[in-house]
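Naming: A, B, ... by sequence-line order, numbering from 1 per chain.
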Amino acid sequence: MPRYDPAVTEPKWQRAWEEAGVFTARRDPARPKYYVLEMFPYPSGRIHMGHVRNYTMGDVIARYKASCGFSVLHPMGWDAFGMPAENAAIERGGHPKDWTYGNIADMRAQMKPLGLSIDWSREFATCDPEYYGQQQAMFLDMLDKGLVYRKSAQVNWDPADMTVLANEQVIDGRGWRSGALVERRELTQWFFRISDYAGELLEALDRLEHWPEKVRLMQANWIGKSRGLQFAFSTLGAPEGFDRLEVYTTRPDTLLGASFAAISPDHPLARHLERHDPEVAAFVADCRRVGTSEEALEKAEKRGLDTGIRVRHPFDTAWELPVYIANFVLMDYGTGAIFGCPAHDQRDFEFATKYGLPIEPVFLPEGAAHGDGDRDEDGAAPLAEAFVPPKSERVEYVRGFAGERVQTGEAAVNAAIAFCEANGVGRGVTNYRLRDWGLSRQRYWGCPIPVVHCAACGVVPEKRENLPIRLPDDVSFDRPGNPLDRHPTWTRATCPACGAEARRETDTMDTFVDSSWYYARFTAPHAKTPTVPEEVDYWMNVDQYIGGIEHAILHLLYSRFFARAMHVTGHLPAKAIEPFDALFTQGMVTHEIYMTRDAAGRPVYHLPEEVEGGIIKATGEAVEIIPSAKMSKSKKNVVDPVNIIKAFGADTARWFVMSDSPPERDVEWTASGADAAFRFLGRVWRLADEIAASAAPDNAAEDAALIRATHRTIADVTAGIEGFAFNTSVAKLYAFANTLSKSQAGAAARREAMGVMAQLLSPMVPHLAEEIWSMLGGEGLVAQARWPEADPAMLVDERVTLPIQINGKRRAEITVPRDMDAAEVEKLVLADEDVVRFLAGKPVKKLIVVPGRIVNVVI
RNA sequence: GCGGGUGUGGCGGAAUUGGCAGACGCGCCGGACUCAAAAUCCGGUUCCGCAAGGAGUGUCGGUUCGAUCCCGACCACCCGCACCA
């Protein structure tokens, strides 16, 4: 008997699709379009199960939409710039370019056997000069429009390697390679003016209806709009030029609880003091030893240094507050200076406790101050922690100065701002947490920033006819630092303004720039301009974008900004300023970890294929099994898709990653699950084989039942795909296979049902679906067949079974006509013998009938 | 530290989003076929209990006729924190 053999059938159908050009995206104004995009991969050299899951999801959508009659665009490319290529060059020699293009070739070869419905003719890599040259052109356009500028910013500097470090390369304050203590350094760098769009990027989130709520929330919090008061303290004993200290606060209602002022170590006043006071210099230098990431700053122990300077409270000139330099005050946010109210801010509370500063409550929980009805009692027990209720909660102000005595924090803030403005103490200010996007990288393997530095003219944009400014190939990584910086000829340029010799900019762009517009480039990947109007008009926006939740903020926010910038510079139509209509964030692929210990007790990890039944096959040693974790090379809990495809075929891998777990959740790869997927596909194949050969006569009752089940399955599977619940589609297909194999229906009805099965399977396991389709004598390719439609009349049942609960516990059930009215149902329920038995004569207090659903009897 | 999320049988998960908790799959148990095994097919399988019955969706509390679903507190794990991609 012939068997299902994916090694033969999968390449066969891939060839058939290619020959028919099924996946070539065609701009067809007569048809609606559908653009499905998965976040493009970094070419690490190996695909992993996460890729398989991500691209299979996109493929299911792409194939489904195509069979629904859409003109589908489903492209693939490579996010090819970035540090790993340079690291490889440093560690193993060779050139980042060779490493990258080699990896791309390897990964493409690993990806193709998956049978994805990708239009490979649109493939590109962001390190192709044809791509980054267009990016440089857009950079110049953005420069013209004032969307890019230069300013000083801090970087992590490794003094041993003489290089800038990424945050992830700073481990416990030391450089990952050199182990040297990392310093913060200031460099002049390029920035995009994303903060100009903060308000708009925030407001537009409301219109992204098909984005996950959590992503919109995360972005909203990241943008961080706040309403507050900015005002100036007058200072005492401050150096000349610092007679005022501007602070920003989101809680001006707590002004009467102020007990100190604090400035950032990077505040101009701190900078000034640093130059004259060795103690300040030492403290500030110490603060700068912490990395530049917000996480590092927040986790560091809260410390401060009293500057000796005092400020006067704006409401009471006799009231003086000390000014500290504090390591937790961020220069980038607000004015880089704050006042501390320890009673109502946990961080201020810890700071005040540490430095013995007063902690005076401004408000108390509503009702907590009753009794004497006056001010709070003096000598009350000291607070154990700050009282920080939500701003929406009503509290009682004991040191209020504006608004009601009992009011919400929100109302109090507004009243305080109004009061302060009326009394000439500062002004209400709307602030955003979002900072401008620093795009400069002091690295080789990135898109060169197309400007030159001229002694006479300053920073001058390159001439457009000189684009692309290509990366030089003759570089080496045997010395520390950026090879561009020390390149003898590449750095030499001619000033486009005056013709004098100038120095080429050696900063390259953040790789987030590359990934902020690739979706638009896919619509015209080989054009001589960044985009082509007819193409972006037709294909944009991306109808469905799919990727990991780890990109919820940066990549997606930058892309939203970049699309706006591309609109301003004429590269995208207004409709595309929100480039992704719908977003789906998928979970990870996880696996158990197998561990033993060496003689010294250190963990030793083992690959899944080395282990069977909790035992290492080669040695018979038992392993410790650590539950499911994200696949990682260092823990060796990885499964190589290439091996899976070799052993079972692509359809099994695809079927597995679509099964079980909801797509947004993690899925655990298990060997038994892969076996099960393979077994099921074989079973479907045998079933099709048997049905194709069957000559069973019609059987009216069985045929009708099977037809109803078929329509039910069409509806369920379609709903699963539409709702991104592929795991439920899979479950329904399992159930349908069970139904179909047990059905006593005639050959014609079973053949019909099997044909539908092939179609419903086709988005997930396209090769097997084609094979079955052809076994049944289906016309053409199932990939080009029209998606089946469920007949609504087939989906409703005439009779329904209602569970009957007594006091919320299920005790009986009755089967009634679907539309029987509630009064009739009540009568039947009360007459039901199980109900009568349970009631045991007790009176019914309440009877709830939810039509078509449930009955609840309350006694 | 801050922001966001997740938690259901031995395991992955389902539940029309306030209406029968455990669909479907794995695993396990039993059976058929086989000299035997594999493969395949059929049946069973939340827990406690002989049963009647009781308990049960991370923990504790609340709202409701009714809570996996809504609210509050807590615990555990995961993601992000602006130079990883």
Side-chain angles (χ1 to χ4, degrees), chain A residues 39-42 44 79 81-84 153 155-156 164-170 189 194 212-215 217-222 224 292-300 302 328 332 346-347 433-443 510-512 514-515 548-555 557-558 585 587-588 590 627-630 659-662 664-673 675-677 679-680 682-683 686 716 719 725 727-728 730-735 738 741-742 801-805 807-811 813 845-848 850 852-858:
Chain A
M39 290 180 186
F40 66 165
Y42 180 79
S44 62
D79 190 12
F81 274 136
M83 294 203 307
V155 295
N156 298 305
V164 174
L165 296 179
N167 286 331
E168 67 156 13
Q169 295 175 320
V170 180
Q189 306 198 65
I194 189 173
E213 185 59 37
K214 61 178 169 182
V215 174
L217 235 184
M218 281 193 256
Q219 292 213 351
N221 289 337
W222 185 261
T292 57
S293 78
E294 193 169 300
E295 185 187 3
L297 294 173
E298 288 287 338
K299 276 187 180 162
K302 308 292 174 277
F328 61 84
D332 290 314
Q346 191 57 33
R347 207 160 43 178
R433 203 183 77 96
L434 181 66
R435 313 200 292 258
D436 276 337
W437 170 11
L439 69 125
S440 284
R441 296 292 180 270
Q442 293 70 41
R443 300 184 208 290
D510 178 8
T511 57
F512 273 124
D514 312 336
S515 56
I549 185 70
E550 66 273 21
H551 296 293
I553 296 175
L554 294 181
H555 162 61
L557 190 62
Y558 290 158
T585 55
M588 299 179 300
T590 63
S628 169
K630 179 178 184 169
S659 313
D660 292 349
S661 285
E664 68 276 14
R665 217 121 28 106
D666 294 351
V667 65
E668 183 179 351
W669 185 273
T670 58
S672 59
D675 287 339
R679 263 201 319 266
F680 175 71
R683 194 179 140 212
R686 284 192 304 278
D716 290 345
N727 56 322
T728 62
V730 166
K732 299 296 181 187
L733 286 165
Y734 267 109
N738 291 341
S741 68
K742 285 185 191 122
T801 299
L802 294 182
I804 300 170
Q805 295 181 332
N807 282 347
K809 287 269 173 201
R810 184 184 187 282
R811 297 297 185 187
E813 64 178 39
K845 281 193 199 144
K846 207 168 178 183
L847 186 60
I848 292 135
V850 184
R853 290 268 200 210
I854 203 167
V855 178
N856 193 7
V857 185
V858 185

Give one of base, sugar-phosphate or nothing for [X], where a contact means two heavy atoms less than 4.0 Å apart.
{"X": "W437(A)", "result": "nothing"}
{"X": "S741(A)", "result": "nothing"}
{"X": "G673(A)", "result": "nothing"}
{"X": "P662(A)", "result": "sugar-phosphate"}
{"X": "Q442(A)", "result": "base"}
{"X": "G438(A)", "result": "sugar-phosphate"}
{"X": "K299(A)", "result": "base"}
{"X": "S659(A)", "result": "nothing"}
{"X": "H551(A)", "result": "base"}
{"X": "Q189(A)", "result": "base"}
{"X": "I848(A)", "result": "base"}
{"X": "N738(A)", "result": "sugar-phosphate"}
{"X": "F512(A)", "result": "base"}
{"X": "N167(A)", "result": "sugar-phosphate"}

Taking [X] for its side chain and [Y] for its backbone only, find out whether a donor-acceptor pair lies under 3.5 Å.
{"X": "R810(A)", "Y": "Q805(A)", "value": "no"}
{"X": "N856(A)", "Y": "L847(A)", "value": "no"}
{"X": "D436(A)", "Y": "I194(A)", "value": "yes"}

- Message: Within 90° of 0 counts as syn, otherwise anti: where does G9(B) fall?
- Response: syn
- Query: Under the rule syn = chi within 90° of 0, otherwise anti, which is U8(B)?
  - Reply: anti
- Query: RNA chain B: A735(A) or R441(A), which has the more 5' nearest nucleotide?
  - Reply: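 The residue whose closest nucleotide sits nearer the 5' end is A735(A).
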- Message: Using heavy-atom distances to pick each residue's nearest nucleotide on RNA chain B, tell me which of N221(A) and E550(A) is more 5'.
- Response: N221(A)
- Message: Taking K299(A) first and then E294(A), would you say they form a salt bridge - that is, a charged N and a carboxylate O separated by under 4.0 Å?
- Response: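 Salt bridge flag = no for E294(A) with K299(A).
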- Item | Consecutive-pair stems (at least three Watson-Crick or G-U pairs, under 3.5 Å) that include RNA chain B |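 In RNA chain B, stems of three or more pairs: B:1-7 with B:75-81, B:10-12 with B:24-26, B:27-32 with B:40-45, B:46-48 with B:53-55, B:58-62 with B:70-74.
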- Task: Quick one: list whatever passes ring-ring contact (aromatic ring centres under 6.0 Å, His included) with Y734(A), sequence neighbours left out.
- Result: W655(A), F680(A)
- Kindly give the heavy-atom pair with the smallest separation between Y42(A) and D79(A), and that separation in Å.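 Nearest pair, atom of Y42(A) first, then D79(A): CD1-O, 3.0 Å.
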- Shortest non-hydrogen separation from V215(A) to A552(A) and the atoms involved: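 Of all heavy-atom pairs spanning V215(A) and A552(A), the closest is CG1-O, 3.6 Å.
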- Message: Quick one about S661(A) and N727(A) (side-chain donor to acceptor, distance below 3.5 Å, no hydrogens or angles considered), yes or no?
- Response: no
- Message: Can you confirm whether the side chains of R683(A) and N738(A) place a donor and an acceptor under 3.5 Å from each other?
- Response: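 Yes.
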- Task: Supply the atom-to-atom distance R665(A) CZ to T585(A) OG1, rounded to the nearest 0.5 angstrom.
- Result: 12.5 Å
- Query: In whole Å, what separates the P atom of G19(B) from that of C71(B)?
  - Reply: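 The answer is 15 Å between these two P atoms.
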- Message: Using a 4.0 Å cut-off to any heavy atom of chain A, which nucleotides of RNA chain B are the first and last in contact, reading 5' to 3'?
- Response: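 The contact span of chain A on RNA chain B goes from G1(B) to A85(B).
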